[in-house]
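What follows is one structure encoded as structure tokens, with my remarks underneath.
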Amino acid sequence: MPELPDVEGFRKVLESCAKGRVIQRVEVRDAGVLHGVSVRRLRDALEGRRFTEPKRHGKWLLAPTGDGPTLMLHFGMTGRLVCGRPGDAADAHDRVLFTVGGGRQLRYRDQRKLQGLWLAGDDRDVARMLDRQGPDALAVDRAEFEDALSSRRGRVKTVLTDQSVVAGLGNLLADEILWRARLRPTRRAGDLTEDERRRLYTHMRRTLRSAVPTGCVPPRDSWLTGHRDDPVPTCPRCGNPLRRTRMAGRGTVWCPHCQPDGD
DNA sequence: GTTTCTGTTGTCAC
DNA sequence: CGTGACAACAGAAA
């Protein structure tokens, strides 16, 4: 589920649900989602503090607590953040519950537990955890983006989803952006022309901008994403059949007609 | 009923 | 650099 737009949505959930409120109780229902921190230390570090302004970098959500430590959340494929009340029925996949003031409860819910929660003691700690992340896809400027691409030899789809190049794009977004920019995912990133790199940047921004308010990569009819699971996937732009392939173990959908070979 | 495959994640060995 | 395996799990396909 979570790519940049989803995580940005979770950031807003955290903000409206818990920002400025005292963390009264931390209940870990499944310690399997904790990384590098014990149940006790997480509880002791957070209870009594307040969440302050949450941040996001790529697919990471950062929940600082003022002078205290920063809770770092990654959602893997199935994680989400939901806001409810302490008495709400527990979902089978609610892994950690944060009861905060105002009668609210923030829940880290995740079916598959591919990622989870970390605790960073200070800003240097946060920076260390993010040191392999490239610039955020929504914050990177054009020059930096085009620079990062041209120095890469790999295929453009793989490069786009590499978090150390640009942080925040996942499988769906990469396919969507390449389709809009009319670039075949198998093209070598370093072989793109100046014009093609520029197109890629423009469409990355446009795609992110329209996806963020919806909190997901919307499966709209006019988007490629709206058709990737069709029984007979058809390009919403030209009507030709879409092709499904596999790149680096990820399902890849593209339009042979709209996304020409380009050598 | 049971086995196999797929998937919005990241990491690691080859 | 690229691919495949893996991690954990549910739901669909075979």
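Below, read A as the first sequence line, B as the second, and so on, with proteins coming before strands; counting in each chain starts at 1. Heavy atoms only: backbone and side chains are in, while hydrogens, waters and symmetry mates are out. If you're wondering where the values come from, they're calculated on a predicted model, not measured in any experiment.
Between A:L138 and A:R56 the shortest side-chain heavy-atom distance falls below 4.5 Å. For the pair A:L169/A:I177, a side-chain contact is recorded, criterion being any heavy-atom separation below 4.5 Å from C-beta on.
For the pair A:R228 and A:W179, the cation-pi criterion (under 6.0 Å, within 45° of the ring axis) is not fulfilled.
When rounded to the nearest whole Å, the span between CG of A:D229 and P of C:dG11 equals 16 Å. Across the protein-nucleic acid pair, A:W60 atom CH2 and B:dT8 atom C1' stand 17 Å apart, rounded to whole Å. Taking atom CG on A:L114 and atom P on C:dC9, their separation rounds to 9 Å, with Å as the unit. Going from atom CZ of A:F10 over to atom C1' of B:dT8 covers 10 Å, rounded to whole Å. In this structure, the CE atom of A:M129 is 10 Å from the P atom of B:dT11, given to the nearest Å. The nearest whole Å value for the distance from the NZ atom in A:K59 to the P atom in B:dT9 is 4 Å. The CG-P distance, from A:L160 to B:dT8, rounds to 16 Å in whole Å. Taking atom CD on A:Q115 and atom P on C:dC6, their separation rounds to 18 Å, with Å as the unit.
Straight-line distance between the C1' atoms of B:dT2 and C:dA7: roughly 23 Å, to the nearest whole Å. Rounded to the nearest Å, the gap between the P atom of B:dT4 and that of C:dA5 is 14 Å. Rounded to the nearest Å, the gap between the P atom of C:dA13 and that of B:dT8 is 16 Å.
Between A:K19 and A:E53 there is a salt bridge, since at least one side-chain N of the basic residue sits less than 4.0 Å from a carboxylate O of the acidic one. A salt bridge is defined here as a Lys NZ or Arg NE, NH1 or NH2 lying under 4.0 Å from an Asp or Glu carboxylate O, and A:E27 with A:R25 meets this definition. Under 4.0 Å is where a charged nitrogen must lie from a carboxylate oxygen, and between A:D94 and A:R109 at least one such pair does.
Projected onto DNA chain B by closest heavy-atom contact, A:G251 and A:H74 fall at different nucleotides, the more 5' of which corresponds to A:G251. Nearest-nucleotide assignment on DNA chain C puts the 5′-proximal partner with A:G249, out of A:G249 and A:M77.
Here B:dT3 sits opposite C:dA13 as a Watson-Crick or G-U wobble pair (both hydrogen-bonding atom distances under 3.5 Å).
In terms of phosphate contacts, A:R246 brings a side-chain nitrogen or oxygen within less than 4.0 Å of OP1 or OP2 of B:dG7. The phosphate of C:dA7 has neither OP1 nor OP2 within less than 4.0 Å of any side-chain N or O from A:K113.
Applying the 3.5 Å distance criterion, the base of C:dG2 shares no donor-acceptor pair with the side chain of A:R250.
Between the side chain of A:D88 and the backbone N or O of A:R85, at least one donor-acceptor pair lies under 3.5 Å.
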Polar pairs (N or O, both sides) under 3.5 Å between protein and nucleotides 12-14 of chain C?
none

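Side-chain proximity of A:R228 to C:dC1, B:dT8, C:dG2: nearest is B:dT8. Ranking C:dC1, C:dC9, B:dT9 by closeness to the A:H93 side chain, first place goes to C:dC9. Here C:dC9 is the nucleotide among B:dG10, C:dC9, C:dA7 with the atom lying nearest to any side-chain atom of A:Q111. Listed candidates were C:dT3, C:dA10, B:dT8. Nearest to the side chain of A:T78 is B:dT8.
Using a 4.0 Å heavy-atom cutoff across all strands shown, A:R244 reaches sugar-phosphate atoms only and no base atom. Across all strands, A:R152 comes closer than 4.0 Å to no nucleic acid atom at all (heavy-atom distances).
A donor-acceptor contact under 3.5 angstrom links the side chains of A:T245 and A:W254, judged on distance only.
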